Amino acid sequence: MTEYIQAIRGMNDVLPSDSALWRHIEKIIRETVYSFGYDEIRTPILEKTELFKRNIGVATDIVEKEMYEFDDRNGDSLALRPEGTASAVRLGLEHGLLTQGVQRWWYMGPMYRYERPQKGRYRQFYQLGVEAFGVMSADIDLEMILLSEALWRNLSLQAPLVLQINTLGTAVARKAHKEKLVEYLNQYCTELDKDSQRRLHTNPLRILDSKDEKTQKIISDAPKLMDYLDDASKAHFAAVCAGLDALDIAYQINPALVRGLDYYTHTVFEWVSNELGAQGTVCAGGRYDSLVEQMGGKSVPAVGFAMGLERILLLLQLQQQEVNEPADIYIVSTPGAPRLCALKLARDIRRHCKDLRVLTDCSDASFKNQFKKADKSGAGLALIIGAEECTEKNVTVKHLRDEQLPQTKIATAELFTFLEKLRSR
């Protein structure tokens, strides 16, 4: 017996039982970003590897350990996108959009990282990304946070999400801080966890985000980036905090919040849940004012965030939120000419009433079993077509959810008027 092929580890299927909730999440996302005036972009899942190595940072975990990269038949090095911001900037530069004033974009789709699969973290995962270009003021940082907060509200998330914020200042400030941080941490090199020892000379800021208890005790007395910020960086962060206060958005300042990508500057933020275990970060973002210039364009201020859809799905499932998509009409028929009449009728209903969900039973099951399936579908109406109905060009209507309403026979030509009256009640 031939063994069937299973899905690649960490790349999950979405089953019919979950797809309704996925569509619900995606619908709410589209409505929310639209209400903020953001336009959709779509980028390829394959990009040149250099796009990510140069702009995410070669010393980051994504590039060092997680990125799917390979040479194609022409010998070009390609990578499955591990995140969306670098691709968005590439799109903006390639099509000249970043010189055309303020740009507000969003995108949604799969990203890829080779890491240990666990609940809420997969090798193929889905993200919402939101990006804004051309605004330097702290107000656009606040808009990003407002947009993410609107998503939680519109999705009816009951789990408390905590907003954590920090500032990374400028590259100059980070360089000065980095020198002092490395000098301090070198004293405790052998006591740091293995990941932190590796990062000490490649990406020392990430050590501040270590979850190792012993390392956390060491970094509690480490030099603070805030002490190295210039006045403009301090003023920008103060404006963000003042804005959050004015907007009544609760937040925590977390000096250990550094983000895992090299391109961040100034404001960084995360929304964190305590209901997802180790994968508690639901949404993360911040400013990246130097990335456009770093990628070959003119200097353009920018800010954005990314949200993991699987983690949103988990939170909604934890609060036992279900999304039902019942049929509106279920057509019961017998094989042969009545079945063709049923298929034609279903087609005409879908053309005339585009928002109705119409199921046609195409099996050879008995009427009794077809009615059982009609009831299970959640449909309010069953339309019955047998040989008599097919010949006389009419249809028998049975109300499945209201037994007090009588079963009636209606001419097919009058069915649409009947349906409209029924919907207007």
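Values in this document were obtained by computation on a predicted structure and should not be read as measured data.
- Around the NZ atom of K224, the shell of radius 6.0 Å holds more than 12 heavy atoms that belong to other residues, nucleotides or ligands.
- The backbone N or O of T281 sits less than 3.5 Å from a side-chain atom of R311, completing a donor-acceptor pair.
- Between D212 and K214, no side-chain nitrogen of the basic residue sits less than 4.0 Å from a carboxylate oxygen of the acidic one, so the salt-bridge criterion is not met.
- There is no side-chain donor-acceptor pair under 3.5 Å between Q294 and Y288.
- R287 and T267 are not linked by any side-chain donor-acceptor pair at a separation below 3.5 angstrom, with hydrogens and angles left out of the test.
- Between V323 and R23, every side-chain heavy-atom pair lies at or beyond the 4.5 Å cut-off.
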#### Entry: CA sep, side-chain torsions, deciding dist, call: T32, L155, side chain to side chain contact (heavy atoms under 4.5 Å, CB included)
CA-CA 10 Å; T32 304; L155 286 164; over 6 Å; no
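- Judged by distance alone, the side chain of H177 and the main-chain N or O of P223 form a donor-acceptor pair under 3.5 Å.
- Heavy-atom contacts from other residues, nucleotides or ligands closer than 6.0 Å to CG of D231 number 12 or fewer.
- Aromatic ring pairs are classed by plane angle as parallel below 30°, tilted from 30° to 60° and perpendicular above 60°; the pair F371 and F367 is perpendicular.
- Within the 4.5 Å cutoff, side-chain heavy atoms of L128 are placed close to those of L151.
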### Task
Check the pair V272, V282 against side chain to side chain contact (heavy atoms under 4.5 Å, CB included), reporting the backbone distance first and the verdict last.
CA-CA 6 Å; V272 181; V282 176; over 6 Å; no
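- At most 12 heavy atoms of other shown residues, nucleotides or ligands fall within 6.0 angstrom of atom NZ in K178.
- A donor-acceptor pair under 3.5 Å is absent between the side-chain atoms of E131 and the main chain of G84, judged by distance alone.
- Taking 4.5 Å as the limit, some side-chain heavy atom of R339 sits within range of a side-chain heavy atom of D364.
- Looking at K53 and S77, their side chains never bring a donor and an acceptor atom within 3.5 Å of each other.
- Side-chain contact check for T167 versus H236: every heavy-atom pair is 4.5 Å or farther apart.
- Considering only heavy atoms from C-beta on, I140 stays 4.5 Å or farther from V102 through its side chain.
- L181 and A222 get closest at one heavy-atom pair: CD1-CB, 3.8 Å.
- No side-chain donor from either of Y228 and E179 sits under 3.5 Å from a side-chain acceptor of the other.
- More than 12 heavy atoms of other shown residues, nucleotides or ligands fall within 6.0 angstrom of atom CD in Q187.
- Without hydrogens or angle criteria, R90 side chain to L51 main chain gives no donor-acceptor distance under 3.5 Å.
- In this structure a side-chain-to-backbone donor-acceptor pair under 3.5 Å is present from T49 to L78.
- For the residue pair H266/D141, the side-chain donor-acceptor check at 3.5 Å is not satisfied.
- By the 6.0 Å contact criterion, CZ on F416 is enclosed, its count of non-hydrogen atoms from other residues, nucleotides or ligands being greater than 12.
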### Task
Check the pair Q317 / L21 against side chain to side chain contact (heavy atoms under 4.5 Å, CB included), numbers first and verdict last.
CA-CA 9 Å; Q317 288 173 332; L21 187 52; 3.9 Å; yes
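- Contact of the V135 side chain with the E143 side chain is not registered, since no non-hydrogen atoms from C-beta on lie closer than 4.5 Å.
- Of the charged side-chain nitrogens involved, none lies within less than 4.0 Å of a carboxylate oxygen, so that E213 and K217 do not count as a salt-bridged pair.
- Looking at Y184, its side chain never comes within 3.5 Å of a backbone N or O of I219 through a donor-acceptor pair.
- With T360 contributing its side chain and L343 its backbone, the two residues share no donor-acceptor pair below 3.5 Å.
- Remark: aromatic rings of Y126 and W22 are close, center separation under 6.0 Å.
- Residues E420 and H352 form a side-chain contact, since some pair of their non-hydrogen atoms from C-beta on lies under 4.5 Å apart.
- At a threshold of 4.5 Å between non-hydrogen side-chain atoms, the residues L91 and W105 count as touching.
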### Message
Could you walk me through whether L147 and F305 satisfy the side chain to side chain contact (heavy atoms under 4.5 Å, CB included) test, starting with their C-alpha distance in whole Å, then the side-chain angles of each, then the deciding distance to 0.1 Å, before giving a yes or no?
### Response
CA-CA 10 Å; L147 200 165; F305 70 79; 4.0 Å; yes
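- Nearest heavy-atom pair across S156 and Q319 is O-NE2, 2.9 Å.
- Considering every non-hydrogen atom in both Q103 and L97, the closest pair reads NE2-O, 3.1 Å.
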### Task
Apply salt bridge (Lys or Arg N to Asp or Glu O under 4.0 Å) to D375 and R401, showing your working.
CA-CA 9 Å; D375 186 62; R401 305 298 155 197; 3.1 Å; yes
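- Judged purely by atom type and a 3.5 angstrom limit, D289 uses its side chain to pair as donor or acceptor with the backbone of A302.
- Although no hydrogens or angles enter the test, the distance criterion places a donor-acceptor pair under 3.5 Å between the side chain of R350 and the main chain of V358.
- Between D328 and R423 no salt bridge is recorded (no basic side-chain N to carboxylate O distance below 4.0 Å).
- A salt bridge links R198 to D195: one of the charged nitrogens lies within less than 4.0 Å of a carboxylate oxygen.
- Side-chain polar atoms of Y112 and Q124 form a donor-acceptor pair below 3.5 angstrom.
- With hydrogens and angles disregarded, a donor-acceptor distance shorter than 3.5 Å links the side chain of Q370 to the backbone of A365.
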